[in-house]
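What follows is a set of notes on a single structure, which appears directly below.
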Amino acid sequence: MSVDLATVKRVARLARIAVTEEDANRMVGELNGIINFVEQLSEVDVTGVEPMTSVTPMNMRKRPDNVTDGDKADDIVANAPSTDHNFFLVPKVVE
Amino acid sequence: MTELTSLTIAEAREKLKAREFTSVELTEAYLSAIDAANSVFNAYVAVTPEKALGMAKASDARRAAGQVGALEGIPLGIKDLFATRDVHTQACSHILDGFLPKYESTVTQNLWDDGAVMLGKLNMDEFAMGSSNETSHYGAVVNPWKAKGSNQQLVPGGSSGGSAAAVSAFLCAGATATDTGGSIRQPAAFTGTVGIKPTYGRCSRWGTVAFASSLDQAGPIARDVRDAAIMLRSMASVDAKDTTSVDLPVPDYEASLGQSLKGMKIGIPKEYRVEGMPEEIEKLWAQGIAWLKDAGAEIVDITLPHTKYALPAYYIVAPAEASSNLARYDGVRYGLRVDGKDIVDMYEKTRAAGFGTEVKRRIMIGTYVLSAGYYDAYYLQAQKVRTLIKRDFEIVFDAGVDAILTPATPSSAFGIADEDLASDPVKMYLNDIFTVTVNMAGLPGIAVPAGLDAKGLPLGLQLIGKPFEEETLFRTAHVIEQAAGRFTPTKWW
């Protein structure tokens with residue numbers, strides 16, 4: 001498999017990264033280099049092999065479903081580029 | 001004051017205890033060393049002198065009151081990946097411009113609870129993606145080591161390049177670091193320092209900026225094996241805020257130093273003898289085998305047949321997880337925002353301006369391998385191969401092997417702005433060929449300096465252990481250290 005310019009632009013759109021024509025062209029070569037490198041995995045026989053879901057055998061610890069945190073709206077918005085009364089401000093989304 | 005900065009943590013601990021100097025004096029010595037040399041190395045991206053002196057003063061007061069923690073009064077550097085309350089935390093990315101967290105990572109909180117002092121935040125590859133520290137928004141870090149008769153600036157490795165350079169150049173007593181594919185062990189090997197990536201789950205990941213969540217682990221970079229053991233004991237903990245942190249008691253790692261290797265079985269994997277490996281590394285490896293044999297260990301040849309697939313599988317799994325983790329940087333809640341004509345335009349412009357080339361490349365790869373139609377061929381296949389890589393290790397450990405000895409890196413430190421490496425991302429990725437298997441299998445791995453190459457640059461050996469058997473690694477690495485000696489760069493700065 002190999003990626004072309006249209007695929008790079010589609011993936012950039014999915015990743016929400018603006019790319020110039022020049023960026024996209026450069027990325028075609030770079031991404032194909034990496035894709036070709038990882039392609040060798042297809043030669044491994046994985047018949048009957050489960051995909052890894054957890055690297056260490058452990059049961060996830062559970063806790064009671066209680067509220068243990070909160071009341072820190074000021075802290076949460078402290079680093080936001082634009083806020084109003086503890087709301088995050090974004091460009092208009094709904095017309 | 002230069003003498004103070006040359007002490008190991010263990011030495012400083014004794015001298016602080018004997019009241020030969022105070023934590024304030026030790027901290028001042030480090031701050032003036034940083035002041036004099038950071039412009040040379042670019043190891044720190046933020047120095048926090050007021051905070052450091054405040055913490056040192058508080059430490060001296062605690063000591064006077066008889067309260068002495070395991071790292072009481074010891075000045076440390078912190079990789080920029082760890083959230084530190086109200087202090088620069090940007091994973092050395094432009095996209096986190098101005099970010100000052102309102103919380104503290106569990107690992108750093110553990111260090112402060114044990115009495116340590118923070119000197120500042122250390123340079124790293126952007127979001128820990130790199131093997132040379134050159135992808136940092138704050139520029140490259142210079143390795144304190146230079147080849148004999150050469151003035152060329154070398155990389156300290158990456159992604160924890162600032163941590164390794166600062167420890168090696170005596171700009172902190174020890175440093176925190178993180179390792180997703182080799183980011184502790186490769187820079188440690190390049191700078192003649194000791195670095196350990198503990199078992200996945202040993203240190204809490206809470207408050208550590210996420211790169212690839214199933215691979216990321218924190219660990220120390222230190223001057224010697226003992227210091228690494230002291231630091232890891234403080235960093236490790238079970239944490240309610242990270243469900244993957246393990247609920248096992250943290251051993252006194254230092255106590256394992258000096259124990260005999262008699263009866264221990266060390267595996268030598270034939271797959272790590274890669275094509276084109278420099279003869280010097282072969283020799284170093286043979287030397288390491290001889291040292292362990294002399295110390296009473298039994299050496300056995302082993303096979304880890306899926307080794308060659310670890311790096312390609314990593315370059316699917318890690319970017320996939322990164323593309324998901326880094327989706328949060330959208331210009332809304334923190335960091336950089338570049339305005340656009342609508343919200344999607346704002347996201348795209350913000351991310352285009354905020355992420356560097358390597359980070360974008362990995363997000364793109366990750367997005368591609370997770371996209372409709374490709375998921376099974378790439379991501380699912382890679383996770384199955386990962387199961388096989390882990391199984392390779394399990395078979396060897398089940399057969400009675402206690403630890404595995406390999407080289408840490410395929411070469412010594414290379415030059416900054418190496419054209420050959422810059423032209424082909426895959427070539428740079430090959431730096432992690434010996435370290436990445438360990439992350440894929442969630443195992444602990446330690447890099448310990450073992451010699452110098454013909455150019456006079458440090459080379460390291462790696463020991464790989466069973467899950468949560470870091471003590472075996474410290475014990476074995478200490479034997480190598482005793483035989484090889486310690487390596488410090490000749491001061492030219």
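Quick caveat: nothing in here was measured; it's all calculated off a predicted structure. Numbered from 1 within each chain, the chains take letters A, B, ... in sequence-line order.
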Legend entry - Residue B:M346 versus chain A: region with a heavy atom under 4.5 Å: side chain

Legend entry - Whether B:Y309 and B:H306 hold their rings parallel, tilted or perpendicular, with breakpoints at 30° and 60°: tilted

Inset, instruction - Heavy-atom distances under 4.5 Å only: say whether B:V338 touches chain A with side chain, backbone, both or neither. - result: neither

Inset, instruction - Could you tell me how the ring of B:Y378 sits relative to the ring of B:Y368: parallel (under 30°), tilted (30 to 60°) or perpendicular (over 60°)? - result: tilted

Inset, instruction - Name the orientation class of the two ring planes belonging to B:Y429 and B:Y315 (parallel below 30°, tilted from 30 to 60°, perpendicular beyond 60°). - result: parallel

Legend entry - Derivation and outcome, side-chain contact (heavy atoms from CB on, under 4.5 Å), residues B:L304 and B:T437: CA-CA 10 Å; B:L304 300 165; B:T437 49; over 6 Å; no

Inset, instruction - Apply salt bridge (charged side-chain N to carboxylate O under 4.0 Å, His left out) to the pair B:D242 and B:R205, showing each step before the final yes or no. - result: CA-CA 6 Å; B:D242 175 4; B:R205 289 178 297 109; 3.6 Å; yes

Legend entry - Interface moiety of B:A353 toward chain A, non-hydrogen atoms closer than 4.5 Å: neither

Inset, instruction - May I ask you to name which of B:L311, B:D342, B:L380, B:T199 has the most heavy-atom pairs under 4.5 Å with chain A? - result: B:L311

Inset, instruction - Let me know if B:A441 has heavy atoms under 4.5 Å from chain A in its side chain, its backbone, both or neither. - result: backbone

Inset, instruction - Determine, using ring centers only, whether B:F127 and B:F211 are less than 6.0 Å apart. - result: no

Legend entry - A:D74, part contacting chain B, at a heavy-atom distance under 4.5 Å: neither

Inset, instruction - Please test B:K427 against B:D420 for salt bridge (charged side-chain N to carboxylate O under 4.0 Å, His left out), starting from the C-alpha separation and ending with a verdict. - result: CA-CA 8 Å; B:K427 266 195 188 146; B:D420 197 32; 3.1 Å; yes

Inset, instruction - Identify which of A:I76, A:L14, A:V11 forms the greatest number of heavy-atom pairs closer than 4.5 Å to chain B. - result: A:V11

Legend entry - Leading residue by heavy atom contact count with chain B [cutoff under 4.5 Å; candidates A:V44, A:V93, A:V8]: A:V44

Legend entry - Atom group of B:V332 that falls short of 4.5 Å from chain A, counting heavy atoms: both

Inset, instruction - Using non-hydrogen atoms and a 4.5 Å limit, figure out which bit of A:A78 sits close to chain B: side chain, backbone, both or neither. - result: side chain

Inset, instruction - For chain A, find which of B:G98, B:A313, B:S214 contributes the most heavy-atom pairs closer than 4.5 angstrom. - result: B:A313

Inset, instruction - Side chain from CB out, backbone as N, CA, C, O: work out which of these in B:L443 comes under 4.5 Å of a heavy atom of chain A, or both, or neither. - result: neither

Legend entry - Under 4.5 Å from any heavy atom of chain B - which part of A:F88: side chain

Inset, instruction - Name the region of A:T7, side chain, backbone, both or neither, that has any atom closer than 4.5 Å to a heavy atom of chain B. - result: side chain

Inset, instruction - Pick one of side chain, backbone, both or neither for B:K341, based on which atoms fall under 4.5 Å of a heavy atom in chain A. - result: neither

Inset, instruction - Consider only side-chain N and O atoms of B:T307 and B:D392, and report whether a donor and an acceptor are under 3.5 Å apart. - result: no

Inset, instruction - Evaluate the salt bridge (charged side-chain N to carboxylate O under 4.0 Å, His left out) criterion for residues B:D247 and A:R61: first the C-alpha distance (whole Å), next the side-chain angles of each, then the deciding distance (0.1 Å), finally the verdict. - result: CA-CA 9 Å; B:D247 196 0; A:R61 278 190 314 283; 5.5 Å; no

Legend entry - CG/A:D65: more than 12 non-hydrogen atoms of other groups inside 6.0 Å: no

Legend entry - Contacting region of B:S245 [heavy-atom separation from chain A under 4.5 Å]: both

Legend entry - Residue selection (most heavy-atom pairs with chain B, distance under 4.5 Å) from A:R63, A:E43, A:K62, A:R10: A:E43

Inset, instruction - With a 4.5 Å cut-off on heavy-atom pairs, point out which of B:K390, B:M440, B:R391, B:K384 contacts chain A the most. - result: B:K384

Inset, instruction - Examine distances only and state if a side-chain atom of B:R337 and a backbone atom of B:G331 form a donor-acceptor pair shorter than 3.5 Å. - result: yes

Inset, instruction - For B:Q381 and A:S42, test the side chains for any donor-to-acceptor distance below 3.5 angstrom and give the result as yes or no. - result: no

Inset, instruction - Report yes or no: does B:D345 contribute a side-chain atom to a donor-acceptor pair with the main-chain N or O of B:G340 at less than 3.5 Å? - result: no

Legend entry - Residue part contacting chain A, namely of B:F468, when any heavy atom lies under 4.5 Å: side chain

Legend entry - Side chain, backbone, both or neither of B:S323 within contact of chain A (heavy atoms, under 4.5 Å): neither

Inset, instruction - Mind running salt bridge (charged side-chain N to carboxylate O under 4.0 Å, His left out) on A:E21 and A:K9 for me, showing each step along the way? - result: CA-CA 9 Å; A:E21 204 63 25; A:K9 288 182 177 171; 3.0 Å; yes

Inset, instruction - Identify which part of A:E50 has an atom lying under 4.5 Å from any heavy atom of chain B, answering side chain, backbone, both or neither. - result: backbone

Inset, instruction - Using non-hydrogen atoms and a 4.5 Å limit, figure out which bit of A:R26 sits close to chain B: side chain, backbone, both or neither. - result: side chain

Legend entry - Region of B:D86 that comes under 4.5 Å of a non-hydrogen atom in chain A: neither

